[in-house]
Novice: 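First the structure, which I've put down as structure tokens, then a few questions once you've had a look.
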2 protein chains.
Amino acid sequence: MTRRRFGAEDSQTRRALLDAAAQIMLEEGYAAATSRRVAARAGVKPALVHYYFRTMDDLYLALFRRGAEANLRRQEKALAADRPLQHLWEFGNDPDSTALMAEFIALANHRKTIKAELLAYAERFRTIQIKAVTELLNRYGVDTTAFHPAAATVILTSISRILAIEVGLGLTAGHAETIELVERFLHGIEPPRTGDADAPTDDHPTAEDRPTARGPAERE
Amino acid sequence: MTRRRFGAEDSQTRRALLDAAAQIMLEEGYAAATSRRVAARAGVKPALVHYYFRTMDDLYLALFRRGAEANLRRQEKALAADRPLQHLWEFGNDPDSTALMAEFIALANHRKTIKAELLAYAERFRTIQIKAVTELLNRYGVDTTAFHPAAATVILTSISRILAIEVGLGLTAGHAETIELVERFLHGIEPPRTGDADAPTDDHPTAEDRPTARGPAERE
DNA sequence: GTCTATACTTCGATAGAC
DNA sequence: GTCTATCGAAGTATAGAC
């Protein structure tokens with residue numbers, strides 16, 4: 001058989017293909033991110049996709065890893081910042097990364113390699129979170145026997161993620177009340193430093209401020 | 001053009017096709033629920049799919065509606081039961097309906113008709129929930145100025161749903177602690193009647209008790 | 001690195017026989 | 001109501017010219 005070649009990691013075209021795939025997945029779902037359409041969006045021919053990525057699974061995996069690494073770095077920064085809990089709460093509210101993650105969860109449902117990768121990442125992510133929150137709550141003097149740090153972590157990120165998903169769908173009933181309650185709670189154990197310009201903004205965007213629809217292109 | 005015919009609502013074959021589609025979506029994701037494979041699983045020929053459902057979108061829509069109606073009836077019963085909050089909490093823990101819903105959310109991302117239907121259903125669902133929880137908290141004497149019923153509803157169902165999704169993925173870190181905290185909280189405002197055989201079970205299945213994989217049958 | 005050309009598969013959907 | 005047969009479109013992937 002003929003020896004196949006594969007493109008370098010730092011290629012400009014490779015990056016363009018990953019960007020194109022991410023955009024399509026966000027706008028139309030993972031099923032729409034086919035080799036032909038990814039190539040078209042990146043402005044190249046379909047064969048190039050298979051030059052840089054042997055299979056479509058390889059492309060999905062590469063895209064996932066790129067986002068996962070970025071997320072881990074983002075979280076690391078958030079946890080080291082001024083008000084870590086507030087940052088952790090806002091973290092899951094990023095619509096794009098949350099929506100992309102939802103697509104990968106759906107993908108994982110029937111792609112073994114994606115599922116394994118997703119699980120490994122999620123566990124790593126959560127372990128870091130729980131460790132950081134544990135130290136934080138102790139430092140804040142919260143009674144962690146009644147309010148376990150692991151539970152706090154799961155609850156905070158769960159709410160954050162569901163809200164993001166629902167906003168993407170156009171559902172906002174109960175959101176304002178939820179955000180108000182969570183932020184009041186957070187302020188109670190992690191008070192914002194008043195008059196600190198670098199602190200995270202207090203007027204967290206409410207559901208009403210956000211666009212109701214996420215992607216531009218619906219299906220024709 | 002030739003006049004097309006369509007099968008009756010109460011057909012046995014129609015039901016078999018919907019069941020087959022649901023199974024495939026659960027086990028391998030919505031993208032795998034193609035006309036050919038749904039037909040094969042139902043034991044009929046692909047053309048029959050288009051006899052009962054004009055397009056695949058029609059099939060997805062019919063499947064969604066069937067599940068949505070069942071969910072609404074289930075919730076109605078749960079809210080009228082002995083310990084409504086506990087039931088509401090356990091409701092989202094049903095792995096199958098939660099996983100199916102996740103698939104439809106992904107589907108909605110690039111199918112306009114699904115998205116509209118999903119949104120309408122979700123709003124209806126949540127409105128009923130919030131209304132019921134509002135009455136409940138008032139009856140229980142909870143201070144609803146500090147703890148808004150809408151927020152309580154969103155938070156409880158969010159946690160429930162994320163846990164179900166994560167269990168499907170194989171991620172359980174922090175689950176036991178979360179379940180413990182939520183149930184302790186619920187017991188505080190809605191105490192279980194001791195010695196009542198009909199009351200919901202107290203030993204709620206923890207993450208460890210649940211199977212790590214969701215679907216029964218893998219692909220042959 | 002990027003292209004053309006192509007092989008092979010699977011998809012959705014329809015027409016028309018039975 | 002269910003089938004066979006078939007269409008055109010779109011998918012993944014590869015070989016080989018440039």
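By convention in this document, chain letters (A, B, ...) are assigned in the order of the sequence lines, proteins followed by strands, and residues within each chain are numbered from 1.
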Novice: What is the distance from OH of A:Tyr60 to P of D:dA13, rounded to the nearest Å?
Specialist: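 Rounding to the nearest Å, OH of A:Tyr60 and P of D:dA13 are 9 Å apart.
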Novice: Output yes when at least one side-chain N/O atom of B:His50 is less than 4.0 Å from OP1 or OP2 of C:dT14, else no.
Specialist: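 No, outside the criterion.
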Novice: Could you give the CG-to-P distance, from B:Leu48 to C:dG12, as a whole number of Å?
Specialist: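 Answer to the nearest Å: 15 Å.
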Novice: Of the candidate nucleotides C:dG1, D:dT2, C:dC11, which contains the atom at the shortest distance from the side chain of A:Tyr52?
Specialist: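 In terms of side-chain proximity for A:Tyr52, the closest of C:dG1, D:dT2, C:dC11 is C:dG1.
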Novice: Pick one: which of B:Lys115, B:Arg111, B:Lys112 meets salt bridge (charged side-chain N to carboxylate O under 4.0 Å, His left out) with B:Asp57?
Specialist: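 Among B:Lys115, B:Arg111, B:Lys112, the one that satisfies the salt bridge (charged side-chain N to carboxylate O under 4.0 Å, His left out) with B:Asp57 is B:Arg111.
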Novice: Of all the choices, D:dC3, D:dA15, D:dG11, which nucleotide is nearest to the side chain of A:Ala47 once you look at every atom?
Specialist: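 The answer is D:dA15, which lies nearest to the side chain.
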Novice: Taking side-chain hydrogen bond (donor to acceptor under 3.5 Å, both in side chains) as the test, write out the residues that go with B:Ser160, two or more places apart.
Specialist: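 So B:Ser160 forms a side-chain hydrogen bond (donor to acceptor under 3.5 Å, both in side chains) with B:Asn93.
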Novice: Pick the nucleotide of DNA chain C nearest each of A:Lys45 and B:Ala32; which residue has the one closer to the 5' end?
Specialist: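 Its nearest nucleotide lies further toward 5', so the answer is A:Lys45.
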Novice: Measure from the side-chain heavy atoms of A:Arg37 and tell me the nearest of C:dC11, C:dC3, D:dG11.
Specialist: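 Of the candidates, D:dG11 comes closest.
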Novice: Could you state the CZ-C1' distance from A:Arg36 to C:dC8, rounded to the nearest angstrom?
Specialist: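 The answer, rounded to whole Å, is 12 Å.
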Novice: Measure from CE on B:Met56 to C1' on C:dT14 and round the result to the nearest Å.
Specialist: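 Checked: the CE to C1' distance equals 16 Å.
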Novice: Check every strand shown and say whether A:Arg14 touches a base, only sugar-phosphate, or nothing at a heavy-atom separation below 4.0 Å.
Specialist: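 Nothing, no heavy atom under 4.0 Å.
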Novice: Over all strands shown, is B:Val49 touching base, sugar-phosphate only, or nothing at heavy-atom distances under 4.0 angstrom?
Specialist: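 It contacts nothing in the nucleic acid.
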Novice: Assess whether a salt bridge exists between B:Glu135 and B:Lys131, defined as any Lys/Arg side-chain N lying under 4.0 Å from an Asp/Glu carboxylate O.
Specialist: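 So B:Glu135 pairs with B:Lys131 through a salt bridge.
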Novice: It should be established whether B:Ser11 places a side-chain nitrogen or oxygen under 4.0 Å from OP1 or OP2 of nucleotide D:dG1.
Specialist: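 For D:dG1, neither OP1 nor OP2 has a side-chain N or O of B:Ser11 closer than 4.0 Å.
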Novice: Verify the contact: side-chain N or O of B:Thr55 to OP1 or OP2 of C:dG12, cut-off strictly under 4.0 Å; return yes or no.
Specialist: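 Looking at the OP1 and OP2 atoms of C:dG12, neither is under 4.0 Å from any side-chain N or O of B:Thr55.
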Novice: Rounded to the nearest Å, what distance is computed from the CZ atom of residue B:Arg54 to the C1' atom of nucleotide C:dA15?
Specialist: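 Atom-to-atom, B:Arg54 to C:dA15, this comes out as 16 Å.
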Novice: Quickly work out the A:Tyr30 OH to D:dG11 P distance and round it to whole Å.
Specialist: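 Answer to the nearest Å: 15 Å.
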Novice: So, is B:Ser35 close to the C:dC11 phosphate, meaning a side-chain N or O under 4.0 Å from OP1 or OP2?
Specialist: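 Checking B:Ser35 against C:dC11: no side-chain N or O falls below 4.0 Å of OP1 or OP2.
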Novice: Ignoring hydrogens and geometry, is there a side-chain-to-backbone donor-acceptor pair from B:Gln129 to B:Thr153 under 3.5 Å?
Specialist: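 Here the side-chain-to-backbone pair does not exist.
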Novice: Measure from CG on A:Asp57 to C1' on D:dG11 and round the result to the nearest Å.
Specialist: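 Value for this atom pair: 14 Å.
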Novice: Between atom OH in B:Tyr51 and atom P in C:dA15, what is the gap in whole Å?
Specialist: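 So the OH-P distance, B:Tyr51 to C:dA15, works out to 15 Å.
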Novice: If you apply the rule ring pair (Phe, Tyr, Trp, His ring centres under 6.0 Å), what do you find for A:Phe64 with A:Tyr121, and how did you get there?
Specialist: CA-CA 10 Å; A:Phe64 176 78; A:Tyr121 159 74; 5.5 Å; yes
